[in-house]
Each structure stands twice: as C-alpha cells, then as structure tokens.
Amino acid sequence: MSSVISHLAQTHGIDLNDQQKTAVCTDASHVLLLAVPGSGKTTVMTAHIAHLLFEKNVHPDEILTLTFSRETARDMKARFSMLFGENDALSFSTIHSFCFRVLRRYASQYHRTMPVLIGAGDLSSGQKYQVLRECIRRCTGSFPDEEMVSDIERLIGCVKNRMIAPESVQNAPVEQEVFAKIYHEVQSVFRENGWMDFDDMLVLCYDILRRFPSVYHWFLKKYRVICVDEAQDTSLLQHEIIRLLASGGAKLFLVGDEDQSIYSFRGASPKELLAFQTVYPDAVILKMEENHRSNSDIVALADAFISRNGSRYEKHMTCTNARTNSVTVMMLPDYDVQYERILSIIREKEPQETVAVLYKNNESSIPLVDLFLREGISYQCREYGASFFTSTVVRDVLAFFRLAVDPSDVEAFSQIYYKLGCSKLMFDYVKQNSAQYDTIFDCILSLSSVSDGRRRMLSRYQSVLSKMPLMRCGEAIDTIRSKLGYDRFIEKRLHGFVQVSTYQKLSALRMIASRLRSIFELSPRLSALRDFMQQGNSQNANGDVLLSTIHSCKGMEFDTVILLDILSDVLPSYHAVSMKRDGDESEYEDEVRLFYVAVTRAKSKLIAFSSTRLNGAPAAASPFLQALMPKVSKKTATVHEEDCPFGTGDEIIHKAFGKGIVLDENNGILLVQFESGIKRLSIMTCRKRNLLIEHNI
C-alpha cells in the first residue's frame, strides 16, 4: 500500500475510498480528476502532491500548484502542512501570482519596466473605476452609473480571457461598436500610463511565453509537475498558459468539475475540461463521485437536477449518509414573508449550527440586513449590493418623495416626468418656465395644448403627492405604485428580467420602508444601510448567519442553507430561457450549474420559498424549485374529475406548454409555472379541449 495512504489512515484517521486512492497514486502524464461537491478534493490533491514528493522523488520546487483564489491557495498550503508537515519549497499560488513571476523575470532579463498593477487595492481600484467611467463617458456622451461601469469592466475581462475580438461581444449595455471603442480607449489609457489589470497580466504572460524562448524554457525546465485546482473556473487564456507550461513534458494534474463551473460571465470555460482528451490525447479521466458533506436526499435531488445538462461528463454523485427529510419548500402568501421566516429560523437554530442565506443578486440581502440590524441578529455579508442604492428604482422613489415635499423641484421631476405621463415637451417647458409658477404642475397646466383628460390626471397626481408627506413610508411607496401609475409604467414599458428585477428592488425598498414612520426617514436609512453593508458584518464578526451570493460561497459548506429570491426570470434568468427557446442552451446550463452549487452547499437542511406574489404583484417561483418538491408516489390519470384534482406543487403536462408545476389554484383557475414562463389555465377549458395529458398524483 502507498505510504501516503497509510499515513493518512494511521496518523489522521482518514480512510480514502477506492476512487480517491486511484487519484492519489496515479502516475499518468495528463490527468483530469472530476470531483463532485464534498468529495474531498483538497485532501486528495495534497495527498497526490505528497505522493510525488515522498514516493516519486520529485523535488518540491519542481511542483507548481495553481489555484483559483488566494484564499484557496492558503487553505491548500495549510492542509498540506497539517497532513504532511510544512514544506516552504512547495509553491501554492494563484495563476495570476504565477503570471506576475513570469513578467518579473522577463522585466529583469530584458531590463524592461514592469507595468503597475491597477485594481489591486482600494486606491488603485478607485483609479481603475475612474478610468473606465471617463472612457465610457467619452465614447457614449453620458456619465454611466455604477452598474454600467461594472458590466463594462466584466466584459473587458471576458474579451481577454476568452481571447476574442471586442467587436464580437454581444449583450453589452451599449452597442457592439461602442463597446469596442470603449475597450480600445481603456487599453490605450493603460498603455500610456504603464498600467495593467489582472487580466492584462494573463495576456502579457501568454505573449511572453510565446515570444521570448529564454523565459519560456526557464519555466519549462523548472517545473516537472503542474497541479491545477478548481480547473472548471479557468478561462481559455489560462488553459492556454497551462498548455504551454505542460508542453515541455511536465506532468499535468487537473482537479475540477464542469458541473460546478459558474463563472462563465467572467470568462471561465468549462468546455475546456470537456475537450481535455482532445488537447491531451493520452489523458486519463478519473472521477470522485462520493459526497461526504450532505444528507442523502440533498445529494439525490442535486444529482438528478444536474443531469438535465447535456454538456457534461457522465457521473453520478452518491452518498453514504442516509439521513433524509432535509429539504423544505415553504409556500408563502407573498415573497415578502421570506424575511420574517428567515428571522424565525435564525432565532431557532442550535448554537453551533452554521447557517447561510444564499441568493443570486446582491440586492436580495439588503432588506434582510435592515431587519437583522433592527432585531439584533449578528451576521456576515460577503459582499454588498452597491448598485441597489443608485438604481433607477431607488432614485425614482426618492424623486417622488422629493417632489411631494417640494412640488417645484425640477431636478426631481426630471427623474420621473415620463413615468407620470408627461412628455419631453412638457419637461422642456417646465425647465424654461417653472420659476414663474408655484409648482411644476401649475406650470404644465398653463400650457393650452394640454388635453382635458391629461389636466384631470395631473391635478389628481398633484393632490396625491401633496398628501404623501403625512403618510407612513411604506404606504407612500404603495401610493406611488397604485395611484401615481408606477406599476402601470413597469408593466407596459419593462419586460422579462428587467421587469422582475424592478419588482425585486421595489420589494426590497418596500420592506425597508415598512419599518419607517415617514418618507423623510427613507433617504437617511438607505445611507446608513449602505455604510453598514460596506463594513461587511455586524459587530459580532463571526455572526449568527452568513449572507452571500451563490457565486461567492463556492467551496463553502453549511449545516443549513436558505435559498432567497429563487424566482422565475431570476434563476434561470429571462435571457437564458429566451436563448434556450432559440436553440442556444449554454447560458441556461450555466444557470442549472449555479442552482446545483447552491443546493450542494447544504449539509443537513435546505430551505427554499415559493409564492405567487412579490410585494403584492404577480410573481412565480423558479421552475428549478420543482427539483426540491417532495416526490410522492405517482400514477398517471386522465383528467376527468369534476373537482379540481390539482394542488400546489403538483406536476402536470400540457399539450402546448409541456411539463409544469402548479403554483396556485383559485376558483377553477390554475397558476402554473412552465419552463417558458407562468401561465393561467382554466381547468374547464383544459378539460373540454383535453389539453392536460397527465396529472401526477
């Protein structure tokens, strides 16, 4: 038996299974180890390195171990030290850190000046933001908000990591040619100032290894083995750098799982794992399929769920932990009730129980932080949704409030005039003539061209606004939505994800407002919340609960996981569903992987919520929640019964829409979530036309 395997068993009580032992002791030249969640990949990877050191006589400084993040690199080094003793000659680093070493060697050997890394700290990050913002302003003619700057920055990184032309980028917040112009403008500013960001570091490293043989061969000679952790998070550019390093005969040991690749929006390329045997014809594909983390029912539903993806290796996650009844989907009258339910769960948890609330978008956490601060619940927040506080929704509501307090506020009116049914002509007239009138509405009504119907509407709006300073804050937001036409504007002008996202933000804002007495308290409370969330946690740094996006909790595990805002058109996104309908499933499969990662963070309990309402507006649960619904015994029955045979959570099959899940039933009308969206069906009509083929009961 391998001395490393014996050491783990005898010294640390770690008994490896057969798949793990094979991975530890493999001597194949090119290995891809597919490791499902909770399969012990870090232990196996460090044990494989120990196998190379102690059983194959590889010198520690001949092994290059690359990880996805600095935190992972530190954890892996600590794990190796704990299991096998400290070894300072071993290199555990991020690929960016390795690329920096390549650049430094090149600069030293050729007497060149190293570019300054921008974006590595608070000061330089702010400097990079200002460069991006100014370049966007010059190319578009207007100042971008934080969300646009963030989107442009991410897409610039994708261009570099995917090794594509900026002119080919789609789905940018600006036109393709404008994005390309911004890209070249930013790169020009960086070159002029001798700057680089983390993605430039990769590009420069790749170019140096290809163009300067002396540097390239120095690294080829140095490393006999290259180990790569979290390989599914590696971009095409990073894979190409690794390929260059391995082309001189070094052994390659990649550990990853294409099912957990969730960073494609940053340029990660899981398809490179699927093409591993094409790039390396002698490659050996190994698997670790036993999950040591989660209860068996969590593992079973996660494995069944991920199998719907086509672009993956065939593998099945198994589990020896037979505990069940771990998954709960709570049916709520409105998604707003989520927050109070989460509060109850936190208060009832065991002292040592670890709890995480996971969500796709940062804005989901904001009303929860507000509630926790008021109720004295300690928390940690891995990142905060800065863009929420400057979003159009928040600016609109604050503008309504300002106009209610000061009906002559032209700046507030400029934010919302067209949402009040006013034209650009009216706004231009107000800008030029408002000083002559007591209120903006008096100014507009002085126009002879305003119709009688429009006059009545504006007079009614003026009356409603005048009463808002006396209302409670939550009531005032409801008034904006119902009596000032804001909901009507959303329904008519916004569609798909943008509409759902707007309602999400409104819901978050309404939850914060519900705890305030007057409209004058909202702006200060939002400022205080923003400051709190920038700190990242409450006064107790450990916290009772962790709040995190699904993307940021990768590699973590918790006793209890609570999924927040798992809504249709959010997860999966409206755009992903639309692309799938048009025949492109790539983005939809990304969303499937994201939900899979969220589910597999849970060890003992997984909790989600479902409803048909969001802050009073119609809403639908994500179709992914169907995977968490309890599976009852099934028998196929043709629908002929007089009474409604359907209940919430039942699966049905419709001849036109396919499989769906019943969200609600009321007076013979079914609310059903299909993959294509939410549909309202008349049971009577379905019976007459024989549209419902099956009912699973």
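Residues Asp75 and Thr42 form no side-chain contact, since every pair of their non-hydrogen atoms from C-beta on lies 4.5 Å or further apart. Under the 4.5 Å side-chain criterion, counting only non-hydrogen atoms from C-beta, Leu301 is in contact with Leu628. The shortest side-chain heavy-atom distance between Val357 and Ile342 falls under the 4.5 Å cut-off. The side-chain heavy atoms of Leu66 and Ser93, taken from C-beta on, include a pair separated by under 4.5 Å. Looking at Ser235 and Arg162, their side chains never come closer than 4.5 Å, going by heavy atoms from C-beta outward. Leu571 places a side-chain heavy atom less than 4.5 Å from the side chain of Phe595. Side-chain contact between Ile607 and Phe609 is present, with heavy atoms from C-beta onward closer than 4.5 Å. By the 4.5 Å heavy-atom criterion applied to side chains, Leu373 and Val369 are counted as neighbours.
Arg601 contributes a side-chain N or O that, together with a main-chain N or O of Val597, makes up a donor-acceptor pair within less than 3.5 Å. Listed for the Asn17 side chain is a donor-acceptor partner under 3.5 Å among the backbone atoms of Gln20. Between the side chain of Ser264 and the backbone N or O of Gly267, no donor-acceptor pair lies under 3.5 Å. A distance-only check finds no donor-acceptor pair linking the side chain of Glu585 to the backbone of Lys580 [under 3.5 Å]. Judged purely by atom type and a 3.5 angstrom limit, Gln380 has no side-chain atom pairing as donor or acceptor with the backbone of Leu547. Using modelled atom types, no side-chain atom of Glu340 and backbone atom of Val337 make a donor-acceptor pair closer than 3.5 Å. In this structure, Arg593 contributes its side chain and Ser261 its backbone to a donor-acceptor pair below 3.5 Å. Looking only at distances, no side-chain donor or acceptor of His551 sits under 3.5 Å from a matching main-chain atom of Tyr263. With hydrogens and angles ignored, the 3.5 Å screen pairs no side-chain donor or acceptor of Asn295 with any backbone N or O of Asp297. Side-chain atoms of Glu289 never come within 3.5 Å of backbone atoms of Val36 as a donor-acceptor pair (strictly under, hydrogens ignored).
Under a 4.0 Å N-O distance rule, the pair Asp197/Lys128 qualifies as a salt bridge. Salt-bridge annotation for Lys554 and Asp233: present, with a side-chain N of the basic residue lying under 4.0 Å from a carboxylate O of the acidic one. Note on Lys41 versus Asp229: salt bridge recorded, some NZ/NE/NH1/NH2 to OD/OE distance being below 4.0 Å. A salt bridge between Lys160 and Asp200 is present, with a side-chain N of the basic residue lying under 4.0 Å from a carboxylate O of the acidic one. In summary, Lys603 and Glu353 do not engage in a salt bridge, as defined by a charged side-chain N under 4.0 Å from a carboxylate O. One finds a salt bridge joining Arg374 and Asp370 here, because a Lys/Arg side-chain nitrogen approaches an Asp/Glu carboxylate oxygen to under 4.0 Å.
For the side-chain hydrogen bond (donor to acceptor under 3.5 Å, both in side chains) test, no residue two or more places apart in sequence or in another chain qualifies with Arg266. When the side-chain hydrogen bond (donor to acceptor under 3.5 Å, both in side chains) test is applied to Ser552, the partners found at least two apart in sequence or on another chain are Glu383, Thr549.
Here the CG atom belonging to Asp257 is positioned 8.0 Å from the CD1 atom belonging to Ile306, to the nearest 0.5 angstrom. A distance of 7.0 Å separates OG of Ser344 from CZ of Arg347, quoted to the nearest 0.5 Å. Atom-to-atom distance recorded for Ile366:CD1 and Lys505:NZ is 9.0 Å, nearest 0.5 angstrom. If you take CG on Leu563 and CD1 on Ile550, they are separated by 6.5 Å, rounding to the nearest 0.5 Å. Distance CZ/Arg79 to OG1/Thr72: 11.5 Å, rounded to 0.5 Å. Atoms OG and CG, on Ser610 and Leu625 in that order, are 5.5 Å from each other to the nearest 0.5 Å.
Counting all heavy atoms, side chain and backbone alike, Thr94 lies closest to Arg70 at CG2-N, 3.3 Å. Taking each heavy atom of Ala23 and Val44 in turn, the nearest pair found is CB-CG1, 3.7 Å. Considering every non-hydrogen atom in both Phe624 and Val592, the closest pair reads CZ-CG2, 3.8 Å. The shortest heavy-atom contact between Ile512 and Leu529 is CD1-CD1, 3.7 Å. The two residues Leu522 and Cys473 have their closest heavy-atom pair at CB-SG, 3.9 Å.
Phe92 and Phe80 have tilted rings, their planes meeting at an angle from 30° to 60° on a 0 to 90° scale. Note on ring orientation: taking the six-membered ring where Trp is involved, the planes of His48 and Phe253 are parallel (angle under 30°, cut-offs 30° and 60°).
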Exercise for the section: Applying salt bridge (Lys or Arg N to Asp or Glu O under 4.0 Å), run through Lys360 and Glu591 and close with a yes or a no. Expected result: CA-CA 10 Å; Lys360 184 178 181 182; Glu591 301 285 84; 2.6 Å; yes
Handout entry: ring pair (Phe, Tyr, Trp, His ring centres under 6.0 Å) between Tyr596 and Phe305, intermediate numbers included
Key = CA-CA 7 Å; Tyr596 174 76; Phe305 180 77; 7.6 Å; no
Handout entry: Check against salt bridge (Lys or Arg N to Asp or Glu O under 4.0 Å), Glu521 and Arg515
Key = CA-CA 10 Å; Glu521 298 178 28; Arg515 303 170 190 127; over 6 Å; no
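Results of the side-chain contact (heavy atoms from CB on, under 4.5 Å) test with Val228 over Val255, Leu33, Ile242 single out Ile242 as the only residue that passes.
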